[in-house]
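Submitted below is the structure of interest, expressed as structure tokens.
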Amino acid sequence: MLLLSLVVMLLQLGRGCCGLPFYNGFYYDHVMNDKGNGNGNGNGEVHFNGVKLVVETPEDAIFTYRGANITLPCRYHYEPTLETPRKIRIKWSKLREDNTKERDVLVAIGLKHRSFGEFRGRVHLRQQGKQEASLVISDLRLQDYGKYRCEVIDGLEDESGIVELELRGVVFPYQPHHGRYRLNFHEAKKACEEQDAVIASFEQLFKSWEEGLDWCNAGWLLDGTVQYPISVPREPCGGKLAPGIRSYGERHKNLHYFDVFCFSSALKGKVYYLAHPEKLTLEEAKQACQDDGAELAKVGQLYAAWKFFSLDRCDAGWLADGSIRYPIAFPRPNCGPPEPGVRSFGFPDKGKFGVYCYKLN
Ligand SMILES: *[C@@H]1O[C@H](CO)[C@@H](O)[C@H](O)[C@H]1NC(C)=O
């Protein structure tokens, strides 16, 4: 199945070129060549008798951050070693959350390659070393984390390895303007995107829980489950169970309403507290950022600045969604609880505050 879809793709890739041999709808290039034109050993034998193709990828996940250029290493070799180099095809794909279906990232035959979907124009192969098939992804996006398959195809031999890419980031709970438990799954995804973030995966939430995240409202996760992280067990938050992630399990994506956990990684640009002589309304705050060549910061941007640049400011300020927050990296008296964090005052209907702006550079 996998091979067939690849074959179809390769045919599209090579369309109009080269008169590729075609057999029964399959693309048996090497086998035909081996029989026909001396790419084999001259006795008409198929190459792969006793020769194994081995694909190697790193066991540990690659850690990076948003905006980075990253290489996913992949190498292949033959056992025993072959004297003559062989024509191979390389295919990179990305596994979906449930590890079943895959999405095409890049396919290469010789010097020709093609990238797909959101990877178009952002990926290329690195083949500096002999038998290297590494994938370079540039300007990494929040959605790019996950597992990638490096597949090497030599005729009918098809071997692959998996590389896991993880983003360093920060998970934050999000509740919209109109209150607690107002988002179905689709709205939850959108709410995160509006804050320059993505809906968090269970792994991301788990990692944040290990780092101390404690939140007593249940939120959607990418896999369609609803969960919340508790570090300090207490009665209204799942009772006296051990600390952990409390789960409501999978919920109906259209009919059930909760908060959401969002994930953001490092920031391009910067978030800053605008120096301004007086406190502002939300409208005035928006204008003040614009006058400064910036825009109101989004919640995900404030969290990223707090997490990655230790933004620390004990002044409450407007954000783009109409909430009032401030980031504390170095806790001290009169600046909220004793742990570092982004403090929130919710969404005031009126009142004047400072403002956090965001500028790309
Ligand atoms: C990534 O690569 C592009 C193109 O080669 C380059 O312009 C950019 O500065 C690089 N970004 C980083 C973060 O290194």
Side-chain angles (χ1 to χ4, degrees), residues 13 57-58 60-75 90-95 103-151 161-172 192-201 203-204 207-208 211 262-272 293-295 297-312 320 327 329 356-361:
L13 192 61
T57 48
D60 294 332
I62 311 279
F63 277 90
T64 185
Y65 50 91
R66 170 160 58 176
N69 300 335
I70 188 81
T71 301
L72 304 184
C74 179
R75 295 189 162 276
I90 295 161
K91 180 190 176 191
W92 278 92
S93 50
K94 183 167 189 280
L95 276 56
R103 228 171 333 150
D104 302 322
V105 174
L106 176 142
V107 176
I109 316 176
L111 292 176
K112 269 193 238 156
H113 58 82
R114 175 183 274 191
S115 50
F116 300 90
E118 72 269 28
F119 293 99
R120 197 167 292 161
R122 282 200 303 137
V123 289
H124 65 269
L125 278 186
R126 198 180 75 173
Q127 294 178 285
Q128 282 167 352
K130 234 173 49 181
Q131 304 187 327
E132 178 175 9
S134 302
L135 181 75
V136 180
I137 310 178
S138 31
D139 196 14
L140 218 77
R141 298 176 186 171
L142 289 178
Q143 296 85 344
D144 289 345
Y145 76 86
K147 291 184 183 143
Y148 290 76
R149 182 191 300 282
C150 170
E151 197 172 350
I162 302 282
V163 187
E164 187 168 4
L165 179 65
E166 282 194 40
L167 287 183
R168 295 187 191 285
V170 55
V171 169
F172 60 94
C192 290
E193 281 155 22
E194 284 168 0
Q195 300 312 318
D196 197 21
V198 290
I199 188 168
S201 68
E203 289 73 21
Q204 290 164 344
K207 196 161 214 181
S208 299
E211 292 168 4
C262 305
F263 174 83
S264 183
S265 182
L267 195 60
K268 283 203 266 179
K270 65 167 183 182
V271 171
Y272 59 100
E295 53 191 73
K298 295 174 175 167
V299 178
Q301 293 166 342
L302 185 66
Y303 268 94
W306 164 74
K307 174 85 175 182
F308 291 96
F309 305 121
S310 297
L311 186 67
D312 183 289
Y356 288 93
C357 305
Y358 167 74
K359 209 182 261 190
L360 194 51
N361 41 43

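Numbering of ligands and ligand atoms starts at 1, following listing order. What you see is a predicted model, and the numbers here were worked out from it, not measured in a lab. All heavy atoms count here, side chains included; hydrogens, waters and symmetry mates do not.
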**Asked** Taking NZ, NE, NH1 and NH2 as the nitrogens, is one of them in Arg122 or Asp144 under 4.0 Å from a carboxylate oxygen of the other?
**Response**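 The answer is yes: the pair qualifies as a salt bridge.
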**Asked** Is the shortest heavy-atom distance from the side chain of Val123 to the side chain of Val136 under 4.5 Å?
**Response**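 Not touching, per the 4.5 Å side-chain cut-off.
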**Message:** Restricting to salt bridge (Lys or Arg N to Asp or Glu O under 4.0 Å), what partner residues turn up for Arg141, sequence neighbours left out?
**Reply:**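 Result, salt bridge (Lys or Arg N to Asp or Glu O under 4.0 Å) vs Arg141: none returned.
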**Message:** Give the residues near ligand 1 by chain and number, with the criterion being a heavy-atom distance under 4.0 Å.
**Reply:**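 Residues near ligand 1: Gly67, Asn69.
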**Test: Glu166 and Lys207 ion pair at under 4.0 Å** =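 Yes, Glu166 and Lys207 are salt-bridged.
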**Asked** Parallel, tilted or perpendicular: which describes the rings of Tyr303 and Phe172, with under 30° parallel and over 60° perpendicular?
**Response**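 Plane angle under 30°, so parallel.
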**Prompt:** With a 4.0 Å cut-off, would you call Lys268 and Asp139 a salt bridge?
**Reply:**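 Yes, this pair counts.
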